[in-house]
Every structure is written in structure tokens, then in C-alpha cells.
Protein chains: 2
Amino acid sequence: MPERFYEKRHFIEDISLYFEQMGMPRTAGRILGVLLICDPPEASMIDLCEELQASKSSVSTNARLLDEMDLIERVATPLPRQICYRFKPGGWVTFMRMRLRLYGSLHHIAERGLDLLQDADPPLRARLQEAHDMFSAIEEELPLLLKHIQEEHGIP
Amino acid sequence: MPERFYEKRHFIEDISLYFEQMGMPRTAGRILGVLLICDPPEASMIDLCEELQASKSSVSTNARLLDEMDLIERVATPLPRQICYRFKPGGWVTFMRMRLRLYGSLHHIAERGLDLLQDADPPLRARLQEAHDMFSAIEEELPLLLKHIQEEHGIP
DNA sequence: GCTTTCGTTCGGTATTGACAGAACGTTCCG
DNA sequence: CGGAACGTTCTGTCAATACCGAACGAAAGC
């Protein structure tokens with residue numbers, strides 16, 4: 001049993017809970033948790049199954065989910081017939097971009113709401129105008145912020 | 001039946017779906033949707049029950065949730081024994097601040113992960129260093145952005 | 001070429017949580 | 001005071017979904 005075993009499990013569980021808050025399955029969060037602290041940085045599906053005490057099917061499904069989200073990626077492995085995953089460099093930027101698109105959609109919804117209230121008094125429209133201004137500002141500024149961070153740290 | 005009936009229902013459903021993505025109950029999102037486009041801008045619980053065809057209990061519970069999140073607020077009403085809600089000015093800023101706290105928590109989790117890898121090589125730490133840098137930057141910059149937007153639009 | 005070992009997909013199961021109905025407490029009116 | 005209207009809370013029910021086991025398909029070694 002590796003040292004710091006319990007601490008690592010706590011970390012994995014923290015990541016899992018966080019991504020559960022973000023609407024993802026627990027197991028997906030746990031896989032990501034492992035791939036964030038494992039040494040070496042890549043892990044096979046069998047490794048993940050053992051580490052998480054989860055079934056093949058669950059690991060397979062959730063790993064594919066993370067792969068499609070571009071948070072992890074498959075890497076070459078000398079082992080035959082085995083698939084290895086690792087955390088994908090730049091994954092956090094990708095993650096934030098995804099969240100960003102969600103906020104952007106609220107921007108559009110607000111616009112549609114303003115259309116519905118186009119004949120109404122400005123005070124009535126203020127509720128949605130506030131949303132529109134806020135989320136278009138975020139939609140505009142946050143990509144710049146992300147790009148800035150990205151360049152500052154040499155993330156691909 | 002009021003004009004633009006279907007359009008309003010679509011708007012309400014869009015808001016509902018959006019906040020479902022954010023991890024909130026459907027009914028809470030629908031209440032918020034109504035309070036974003038209703039005229040007058042306040043609605044009693046009975047109004048909401050009728051508009052949404054939902055039970056008193058559901059409306060009561062979810063309105064309280066939105067109230068605790070500071071997205072809506074109770075307002076005075078001439079009607080006896082009735083409670084009126086309206087969208088709370090500045091609610092969107094509050095909303096974004098809440099989301100921000102969530103990202104902040106990831107920043108702290110990343111720090112704990114780095115502690116676990118303190119003896120590891122820098123390449124191994126890069127995964128978490130990227131998260132740490134990204135989310136502390138966001139945690140630092142986004143409040144400024146929010147404050148900027150807030151002042152620019154005179155939101156309380 | 002047969003067996004073995006992985007990964008994927010499908011169907012069933014258990015758990016979670018959102019909603020409605022019922023009972024309760026409160027406030028206002030007759 | 002008694003009754004009615006409104007909001008809250010509690011409990012049961014239903015639906016959604018995350019997980020597992022099993023069957024299937026593919027690829028490598030004997």
C-alpha cells in the first residue's frame with residue numbers, strides 16, 4: 001500500500017465531489033482525480049479499475065466522457081491491448097471554455113427575453129438588461145483572460 | 001390567455017433548463033423565469049402556482065431556495081396573507097459571485113494536490129500547477145471584472 | 001486457429017432527488 | 001371566537017440516472 005494512501009483518496013474524492021457539483025458522474029470525477037496525481041502520469045483502464053474499485057463498464061464509459069470533453073487523452077503504451085489515459089495538457093483551459101459557453105447561452109436567452117419585453121417600460125426590462133450586459137461582458141472578457149493565463153504559463 | 005403566451009413559456013423553459021445545468025431544481029428555474037419576464041415584476045406564490053401548474057409545496061420550497069441564494073426577494077404587497085417575490089436587482093452579480101466561489105474551491109483542492117506531489121518532479125506537478133495558476137488567476141481577476149460591470153451599469 | 005485478455009455495449013438494479021398531497025401553524029375576516 | 005385562506009413542513013411516490021454484471025467483439029499470444 002503506497003504511502004499517503006489516505007490523503008490521495010481524499011484528494012480524489014474532493015475532485016469527484018467538485019465535478020459532481022458541475023453535473024458530472026462521480027466516477028468521471030474520480031478518474032480525473034487519479035489522473036491528476038498518479039505517478040507515472042498515465043494510467044491504464046485496469047489501473048483505474050483497481051484504484052477506484054469500480055467496474056470495467058463504468059470506467060470505460062466515464063473515461064470516454066472525459067476524453068470527449070478533452071480533459072484527458074489516450075497515450076501510447078508498450079502494453080499490448082491496453083489503453084492508457086493521462087490528463088491532457090491545457091485541459092483546464094478547455095474546461096473553462098466549456099463553462100464559458102454555458103454562460104454565453106444565458107446571454108442569448110436574455111436577448112430573447114428582451115424581445116418578449118420590447119414594448120415594456122425600461123424598468124421592466126432592467127432585469128434582463130442586467131443579465132444581458134453581465135454575460136456579454138463575461139463572454140467578451142473571459143476568453144481574453146484565459147488566453148492571457150494560457151500564454152503566461154506556456155500551456156499549449 | 002395573454003398574447004405571446006407560448007413564447008413566454010419557451011423562455012421560462014429555457015431558463016429552467018439552464019439552471020438545471022447549474023444543478024438547480026427545475027421548478028426553481030421556472031420560478032426565476034417567470035420573475036424575469038412577468039408584468040408587473042412581482043408575483044405572488046399563488047400566481048406562480050397557477051402560471052407553472054405546480055403545487056404549493058414545490059413553489060414554496062424552491063422560492064425559498066432562490067431567496068437564500070439572493071436571486072429573488074420578498075416584497076411588500078397590499079394583499080393580506082400573501083407573499084410576493086420579485087427578481088432581486090443585482091441578482092446576476094450575486095449569481096456569478098457564487099459560481100466564483102466554486103472555482104475558488106478548485107483552487108484550494110489543487111493546492112492540496114500539489115502538497116501531495118511536493119517530492120515529485122516538476123513535470124508531474126504541471127497538471128496541478130496549471131489548475132492552480134488558472135483558478136487563482138480567475139479568482140483574482142473575476143471579482144474585478146464583476147465590480148467593473150457592476151459600476152458601469154449602476155447595479156446596486 | 002484456438003484461447004485468452006481487454007474494451008465496449010446492453011439490460012437490469014439500486015439510489016438519488018424532485019414533486020405532489022396531507023397535516024399543521026398562522027393570520028386575517030366575519 | 002369560529003372559520004377560511006395562505007404558507008410551511010413532512011412523508012410517500014415516481015422518474016431519472018449512475019453503476020454493475022453479462023454478453024459481445026476485437027486483438028494478441030500460444
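Numbered from 1 within each chain, the chains take letters A, B, ... in sequence-line order.
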**Request:** Please check the phosphate of D:dG21 (OP1 and OP2 only) for any side-chain N or O of A:Ser55 closer than 4.0 Å.
**Result:** no
**Message:** If the cut-off is 4.0 Å, is A:Arg64 near the phosphate of C:dG7, judged by side-chain N/O to OP1 or OP2?
**Reply:** no
**Fill in**
Sorted by position of nearest nucleotide on DNA chain D, 5' first, the leading residue of A:Pro25 and A:Pro80 is A:Pro25
**Request:** Whole angstrom is fine here: how far is it from CG in A:Leu79 over to C1' in D:dA27?
**Result:** 15 Å
**Request:** State, yes or no, whether a side-chain contact exists between B:Met96 and A:Tyr103 at a heavy-atom distance under 4.5 Å.
**Result:** yes
**Request:** Nearest whole angstrom, please: distance from the P of D:dC19 to the CG of A:Leu52.
**Result:** 10 Å
**Message:** Can you measure A:Gln82 atom CD to C:dT8 atom C1' for me and round it to whole angstrom units?
**Reply:** 15 Å
**Asked** Please give, in whole Å, the distance from C:dG25 P to B:Lys56 NZ?
**Response** 15 Å
**Prompt:** Does any non-hydrogen side-chain atom of A:Met24 lie less than 4.5 Å from one of A:Leu66?
**Reply:** yes
**Request:** Would you indicate which nucleotide in C:dA20, C:dT27, C:dC19 comes nearest to any side-chain atom of B:Ala54?
**Result:** C:dA20
**Request:** Please tell me which of the listed nucleotides, D:dG7, D:dT9, C:dC28, lies nearest to the side chain of B:Ile46?
**Result:** D:dG7
**Gap between atoms CZ and P, on B:Arg26 and C:dT16 respectively (whole Å)** = 19 Å
**Request:** Check the distance between D:dT9's C1' and B:Met45's CE and give it to me in whole angstrom.
**Result:** 12 Å
**Message:** Suppose we call two aromatic rings close when their centres sit under 6.0 Å apart. Are B:Phe87 and B:Trp92 close by that rule?
**Reply:** yes
**Asked** What integer distance in Å separates A:Gln53:CD from D:dG21:P?
**Response** 11 Å
**Item:** Atom-to-atom span, CE of B:Met24 to P of C:dG17 - whole angstrom
**Value:** 15 Å
**Request:** Let me know, please, whether B:Arg30 or A:Ser60 comes out on the 5' side of the other along DNA chain C by nearest nucleotide.
**Result:** A:Ser60
**Asked** With respect to the side chain of B:Ser57, which nucleotide from C:dG21, C:dT4, C:dT9 is positioned closest?
**Response** C:dG21
**Asked** Within the structure shown, what part of the strands sits under 4.0 Å from B:Ser58 by heavy-atom distance: base, sugar-phosphate, or nothing?
**Response** sugar-phosphate
**Request:** Give a yes or no on whether A:Arg99 atom CZ has more than 12 heavy-atom contacts from other residues, nucleotides or ligands under 6.0 Å away.
**Result:** yes
**Message:** Pick the closest DNA chain D nucleotide for A:Arg81 and for A:Asn62 by heavy atoms, then say which residue is nearer the 5' end.
**Reply:** A:Asn62
**Message:** Are more than 12 heavy atoms, taken from residues, nucleotides or ligands other than B:Arg125, located less than 6.0 Å from that residue's CZ atom?
**Reply:** yes
